[in-house]
Engineer: 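First the structure, which I've put down as structure tokens, then a few questions once you've had a look.
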Number of protein chains: 2
Amino acid sequence: MNAPRLLLVEDDPALAELLEFRFRQQGYAVTSTPDGDEALLLAAEEVPDLVVLDWMIEGTSGLEVCRRLRKGKATAHVPIVMLTARGAEDDKIRGLETGADDYVTKPFSPRELIARVGAIMRRIRPALAGEVVEVGDLSLDATAHKVTRRGQTIVLGPTEFRLLKHFMEHPGRVFSRGQLLDAVWGSETEIELRTVDVHIRRLRKGIELDGAPDPVRTVRSAGYALEAF
Amino acid sequence: MNAPRLLLVEDDPALAELLEFRFRQQGYAVTSTPDGDEALLLAAEEVPDLVVLDWMIEGTSGLEVCRRLRKGKATAHVPIVMLTARGAEDDKIRGLETGADDYVTKPFSPRELIARVGAIMRRIRPALAGEVVEVGDLSLDATAHKVTRRGQTIVLGPTEFRLLKHFMEHPGRVFSRGQLLDAVWGSETEIELRTVDVHIRRLRKGIELDGAPDPVRTVRSAGYALEAF
DNA sequence: AGGTTTTGTGACACATTCGTGACTGACTGT
DNA sequence: ACAGTCAGTCACGAATGTGTCACAAAACCT
């Protein structure tokens, strides 16, 4: 299991607890602290995959934490989502320059924050080469070339395996047939777009399991995506 | 999914190459030229999503290029980021008047430029920057091709999705039927204006929810707008 | 109110896109 | 040479989306 690690820095206990709960629900491994200095320590100890940072916190200010994270060698490229007070346009601009990746303005719904964080994870997180990737009830071990669903071992053909791997590296994201050809077949192939459909079909057939929904979503006139539950 | 297109106009070969590389890394589709006149041609051929423009370049001056881009109908609203020499305050002012959207003063770090460009992309075309766009109680994730309203997932047809996306990128702004045809269908379509009405209807039907007001506003004899609550 | 213009809406014929089974040929290991 | 596996293509039906029209409803103007 390698759930994405999320560091939450928020000093309102009620909000912190709520967010922590919701993020765990989403499958994140959450570390939470109300204090900016402690956040830096924690981040240094175990580099998180993403930081959610309140602008106004105890200890060091959010902005300062952001800056220091960027300076730290190991944490320089960790995406940061800032929580800012309403209408603080100047803060927004200053924050962007400091290197935050996104903003959510208070008051916000947990759902909105989760959507943003999800979008960033999808955008930033590169291919997890050589590791075990988990999306929903699927698990893929790139090194061992093994796929399981709910513990059941799945057997896939080579192309289907690469296709699934690509989807699992970018869960939820929609790819056009052309993009899939580029990513899975290679960028210089001259293959019919519709061929992708056939392999999607074979993939679907391969991973199907009674009682489990089809995680491959067809987006009409756009492409396909792997549903990120 | 089409990567945001960036036109880079810079005549220092070393700098141009560096920036081109960094921007590509960030997922932009970069076209680069050292020459102002050529830049105008390129921009006319395929309208970029953003222009990074050096003040001092061969051929036509940066200022002049900026002015001409603003005059061109298709390129009038393309955001422009200027690269200026240190402390050229007058240039800054003149440039702003000409319509550049932001400035970066040499010497600058690529990181700073990228942050600014990122910020502008987010401001102008959030969906292009891979962001989740939120307007009122609507939320649209272009990458995942998903729309939700008050947490409820909304299913839309392809055209309705593009239509909503366009509205959400310009909340509150009124578009005529013709503008919508250009933006959503493409500029070379020969479609009845009234067809837009039908798709607006379908969009409304798609996003309707008990207890929630219709966010699509009809502006009589002008067009439609998405209400920004 | 009465007439005019503009927009909303349901229906429908046509177009597009997708899912699917079948087929061929390439390649592999025996 | 043979069976087995896999990739790519195709064709056809099913599902879904698209553009237009005609008429109803609403807004506007005098």
Side-chain angles (χ1 to χ4, degrees), chain A residues 145-147 153-167 174-209 213-227, chain B residues 1 145-147 153-167 174-209 212-227:
Chain A
H145 241 255
K146 266 192 166 177
V147 181
T153 299
I154 300 283
V155 189
L156 294 176
T159 307
E160 283 69 55
F161 182 84
R162 274 178 295 150
L163 189 55
L164 179 60
K165 180 172 165 225
H166 183 252
F167 274 129
V174 176
F175 294 96
S176 70
R177 293 176 173 73
Q179 288 176 311
L180 289 172
L181 282 179
D182 283 358
V184 177
W185 277 259
S187 50
E188 292 168 30
T189 45
E190 293 252 343
I191 293 182
E192 285 294 319
L193 289 177
R194 290 301 308 277
T195 298
V196 175
D197 296 29
V198 178
H199 285 278
I200 289 283
R201 157 118 174 79
R202 289 169 183 160
L203 173 58
R204 277 178 167 146
K205 199 150 214 172
I207 63 177
E208 89 184 336
L209 207 82
D214 178 8
V216 180
R217 181 165 60 108
T218 304
V219 182
R220 194 167 225 260
S221 81
Y224 298 95
L226 184 71
E227 210 54 70
Chain B
M1 188 93 46
H145 247 258
K146 272 193 161 173
V147 181
T153 298
I154 300 284
V155 188
L156 295 176
T159 307
E160 283 69 56
F161 183 86
R162 288 197 310 267
L163 190 54
L164 179 59
K165 181 174 157 214
H166 184 252
F167 275 129
V174 178
F175 294 96
S176 71
R177 294 176 172 74
Q179 289 176 309
L180 289 172
L181 281 179
D182 282 359
V184 177
W185 277 258
S187 49
E188 293 169 28
T189 45
E190 294 250 343
I191 293 182
E192 286 293 321
L193 287 177
R194 289 302 310 278
T195 299
V196 174
D197 296 28
V198 177
H199 284 278
I200 289 283
R201 157 115 172 74
R202 289 171 182 159
L203 173 59
R204 278 177 166 147
K205 197 152 214 172
I207 63 178
E208 88 185 336
L209 206 84
D214 177 7
V216 180
R217 183 164 54 104
T218 304
V219 182
R220 189 163 227 261
S221 77
Y224 299 95
L226 185 70
E227 211 54 72

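Remember, predicted model here, so these are calculated numbers, not experimental data. All chains are named by letter (A, B, ...) in the order of the sequence lines, taking the proteins before the strands, and each is independently numbered beginning at 1.
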Engineer: Looking only at non-hydrogen atoms, find the nearest pair between B:I154 and B:G206 and report the distance.
Structural biologist: CG2-O, 3.6 Å
Engineer: Determine, for B:R217 against B:E227, whether the closest basic-nitrogen to carboxylate-oxygen distance falls under 4.0 angstrom.
Structural biologist: yes
Engineer: I need the residues from residues 218-226 of chain A with at least one non-hydrogen atom less than 4.0 Å from DNA chain D; give them sorted by number, or say none.
Structural biologist: A:R220
Engineer: To the nearest Å, how far apart are B:H199 NE2 and D:dG19 C1'?
Structural biologist: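 So the NE2-C1' distance, B:H199 to D:dG19, works out to 7 Å.
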Engineer: Working to the nearest 0.5 angstrom, can you tell me the gap between B:I191 CD1 and B:L180 CG?
Structural biologist: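 The distance works out to 12.0 Å.
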Engineer: Using atom CZ of B:R194 as one end and atom C1' of D:dA22 as the other, report the distance to the nearest whole Å.
Structural biologist: 11 Å
Engineer: Could you check how far CZ of A:R201 sits from P of D:dA15, rounded to whole Å?
Structural biologist: 15 Å
Engineer: What's the CG-P distance between B:L181 and D:dT18, to the nearest Å?
Structural biologist: 13 Å
Engineer: Atom OG1 in B:T159, atom CG in B:L203: separation rounded to 0.5 Å?
Structural biologist: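 Taking OG1 in B:T159 and CG in B:L203, the distance rounds to 11.0 Å.
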Engineer: What is the distance from CZ of B:R202 to P of D:dT16, rounded to the nearest Å?
Structural biologist: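 Roughly 15 Å, once rounded to whole Å.
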Engineer: Starting from P on C:dT17, measure out to CD on A:E192 and report it in whole angstrom.
Structural biologist: 14 Å
Engineer: Would you indicate, yes or no, if C:dT6 has its OP1 or OP2 atom less than 4.0 angstrom from a side-chain nitrogen or oxygen of B:R177?
Structural biologist: no
Engineer: Cut-off 3.5 Å, side chains only: do A:S221 and B:R162 have a donor facing an acceptor?
Structural biologist: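 Result is no, nothing qualifies.
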Engineer: D:dT9 phosphate, OP1 or OP2: any side-chain N/O from A:T195 under 4.0 angstrom?
Structural biologist: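 For D:dT9, OP1/OP2 do have a side-chain N/O of A:T195 under 4.0 Å.
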Engineer: Describe the nucleic acid contact of A:R204 in one word from base, sugar-phosphate, nothing, applying a heavy-atom distance below 4.0 Å.
Structural biologist: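 If one applies the 4.0 Å heavy-atom cut-off, A:R204 turns out to touch the sugar-phosphate alone, with no base involved.
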Engineer: If only atom types and distance count, is the side chain of A:R204 paired as donor or acceptor with the main-chain N or O of A:V216 below 3.5 Å?
Structural biologist: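 Side chain of A:R204 to backbone of A:V216, a donor-acceptor pair under 3.5 Å: yes, one is there.
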Engineer: Could you pull out all residues at least two apart from B:Q179 that satisfy side-chain contact (heavy atoms from CB on, under 4.5 Å)?
Structural biologist: B:R173, B:F175, B:S176
Engineer: In whole angstroms, how far is the C1' atom of D:dC21 from the CG atom of B:D197?
Structural biologist: 13 Å
Engineer: State whether A:W185 places a side-chain N or O below 4.0 Å from either non-bridging phosphate oxygen (OP1 or OP2) of D:dA7.
Structural biologist: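 For D:dA7, neither OP1 nor OP2 has a side-chain N or O of A:W185 closer than 4.0 Å.
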Engineer: Specify the separation, in whole Å, of atom CZ of B:R162 and atom P of C:dT16.
Structural biologist: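 Rounding to the nearest Å, CZ of B:R162 and P of C:dT16 are 14 Å apart.
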